[in-house]
Chemist: 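I'd like to ask some things about the structure below.
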Number of protein chains: 2
Amino acid sequence: MATPERLIEATRELLWERGYAGTSPKAILQRSGVGVGSMYHHFDGKAGLARAATERSAQELMDAAEAHFSGPGPATRRIASYLLRERDVLRGCPVGRLAMDYDVVENPRLRAPLDELFGWLRTRLADLVAEGRSAGEIDARLDPQAVGATLAAVVQGAYVTARSAESTEPFEAAVRGALQLIGYEEEC
Amino acid sequence: MATPERLIEATRELLWERGYAGTSPKAILQRSGVGVGSMYHHFDGKAGLARAATERSAQELMDAAEAHFSGPGPATRRIASYLLRERDVLRGCPVGRLAMDYDVVENPRLRAPLDELFGWLRTRLADLVAEGRSAGEIDARLDPQAVGATLAAVVQGAYVTARSAESTEPFEAAVRGALQLIGYEEEC
DNA sequence: GTCTATAAGTAGATAGAC
DNA sequence: GTCTATCTACTTATAGAC
């Protein structure tokens, strides 16, 4: 693998595991096997590296979500497919966890990928809720934008409650409740 | 204020703002105006201080929530009262944010207050959903435990999406959606 | 209880040779 | 592009005097 690539991948892993404040350049160098000189040659320090890593993680999450959103079946089923998708629950969300990092939220260039991901996600979920409403699957009194924001929040918050309990159970319960609330009937 | 008290309050502020990894003993000393010797005399280092601070924050959140839960009115209204309560949205949750801190989740003594808070919260919300269901306010097909977990998650996740957008709007939308989903009709 | 001194290791780079 | 050397400040304490 090329040097910049190895640096980005090592940074993605560390940001996911430790967050921005908990990730040191030294740790990135050790995990990637790259030397100090190379790192500062290819990237503008820790912030530049984090920016590249976060952009890639956000893009991957959007691609993965879109695969569920544009899949087959009725709108509520595609929402369910996204909510029930396999996840490394106790690791949390590689992008969402950075929203609790002071240096990330305070730096517009680091916060941008987070804003883009969650803005897109809320919109996309709102579209599906609107579609489900038109199709009569979802209660017509519900506001698609609001419910889209709720569904995006449930996933992020479910990671918080699961990590606090060191168990996937709170995550699964939160998703189950969300699906019941939008009136999705589990098959089988 | 007494010395241990000042240390705990300074630690609470810093943990809320910066998280565990982002909070140094030095910063705690500066904010509290206490000296190094005093700090290590009263507490067992950074972890001990964080433990005391987190326990207090969790207790405060439980007390504040219980005031809404045991207030007057129907169950759904008490849930709404809790969800709509005044919050420093862009600061996030002082306890929930620590669930993304590696050193917190990995240390049973630091994770305990988080587990207690969110375990209690899910149970308490589930109780209210069950009560609302019995009273006919809430759809009888809903599972109280699952919906309780969903409501607890919505709040935590709403902080994530709001901080990512540097705006309270995503938080408010998520809460609005949650209230619509449990069938709460806003008055006025 | 509080203070000052001390200390090994890390954080986050920069400089300049190769 | 990569390496080694170097640097200032911070991290997380401990020791022992007052």
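Note that the coordinates shown come from a computational prediction; the quantities given were computed from them, not determined experimentally. Within every chain, numbering begins at 1; the chains are lettered A, B, ... in the order of the sequence lines, protein sequences first and strands thereafter.
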Chemist: If the condition is salt bridge (charged side-chain N to carboxylate O under 4.0 Å, His left out), which residues does D115(B) pass it with, not counting sequence neighbours?
Modeler: R111(B)

Chemist: Please examine the side chains of L110(A) and Y20(A), heavy atoms only from C-beta on, and report whether any two atoms are closer than 4.5 Å.
Modeler: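 Yes, at least one pair of side-chain atoms sits under 4.5 Å.
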
Chemist: Go through the structure and list residues passing salt bridge (charged side-chain N to carboxylate O under 4.0 Å, His left out) with R56(A), not counting sequence neighbours.
Modeler: E5(A), E9(A)

Chemist: Which is the 5'-most and which the 3'-most nucleotide of DNA chain D that has an atom under 4.0 Å from a heavy atom of chain B?
Modeler: dC10(D) to dT14(D)

Chemist: Would you indicate what G37(A) reaches in the nucleic acid, counting non-hydrogen atoms under 4.0 angstrom: base, sugar-phosphate, or nothing?
Modeler: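 Base, at least one base atom sits under 4.0 Å.
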
Chemist: Could you name each residue pair satisfying ring pair (Phe, Tyr, Trp, His ring centres under 6.0 Å) that touches residues 72-106 of chain B, not counting sequence neighbours?
Modeler: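 Applying ring pair (Phe, Tyr, Trp, His ring centres under 6.0 Å) to every pair that reaches into residues 72-106 of chain B, excluding sequence neighbours, yields F69(B)-Y82(B).
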
Chemist: Could you go over nucleotides 7-9 of chain C and give all protein N or O partners under 3.5 Å, atom names and distances?
Modeler:
none

Chemist: For DNA chain C, find the residues of residues 17-24 of chain A with a heavy-atom distance under 4.0 Å and give them by number; none if there aren't any.
Modeler: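 Of all residues in residues 17-24 of chain A, the ones placing a heavy atom under 4.0 Å from DNA chain C are T23(A), S24(A).
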
Chemist: Check whether any side-chain heavy atom of R87(B) lies under 4.5 Å from a side-chain heavy atom of V155(B), and answer yes or no.
Modeler: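 R87(B) vs V155(B): side chains touch.
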
Chemist: Sorted by first residue and then second, give each salt bridge (charged side-chain N to carboxylate O under 4.0 Å, His left out) pair with at least one member in residues 14-42 of chain B; sequence neighbours left out.
Modeler: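 Passing the test, one end in residues 14-42 of chain B: E13(B)-R31(B), E17(B)-R31(B).
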
Chemist: What donor-acceptor contacts under 3.5 angstrom involve side-chain atoms of residues 60-67 of chain A, with partners at least two apart or in another chain?
Modeler:
unit_1, atom_1, unit_2, atom_2, d
E60(A), OE1, R12(A), NH1, 3.4
E60(A), OE2, R12(A), NH2, 3.1
D63(A), OD1, Q59(A), NE2, 3.1
E66(A), OE1, R124(A), NE, 2.8
E66(A), OE2, R124(A), NH2, 3.1

Chemist: Determine, for E172(A) against R176(A), whether the closest basic-nitrogen to carboxylate-oxygen distance falls under 4.0 angstrom.
Modeler: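 No, this pair does not count.
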
Chemist: With a 4.0 Å cut-off on heavy atoms, is V34(A) in touch with a base, just the backbone sugar-phosphate, or nothing at all?
Modeler: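 No contact.
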
Chemist: How many whole angstroms separate atom CG of D103(A) from atom P of dA11(C)?
Modeler: 14 Å

Chemist: Apply salt bridge (charged side-chain N to carboxylate O under 4.0 Å, His left out) to E137(B) and list each qualifying residue two or more places apart in sequence or on a separate chain.
Modeler: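 So E137(B) forms no salt bridge (charged side-chain N to carboxylate O under 4.0 Å, His left out) with any residue.
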
Chemist: Can you see whether W16(B) has R97(B) sitting over its ring - NZ or CZ less than 6.0 Å from the centre and within 45° of the normal?
Modeler: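 R97(B) over W16(B) ring: no.
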
Chemist: Near DNA chain C, which residues from residues 39-56 of chain B have a heavy atom under 4.0 Å away?
Modeler: H41(B), H42(B)

Chemist: Report the residues that fulfil ring pair (Phe, Tyr, Trp, His ring centres under 6.0 Å) with Y159(A), sequence neighbours left out, ordered by chain and then residue number.
Modeler: F171(A)

Chemist: Would you say the side chain of M100(B) lies within less than 4.5 Å of the side chain of R163(A), judging by non-hydrogen atoms?
Modeler: yes

Chemist: Would you please name every residue forming a salt bridge (charged side-chain N to carboxylate O under 4.0 Å, His left out) with R133(A), sequence neighbours left out?
Modeler: none

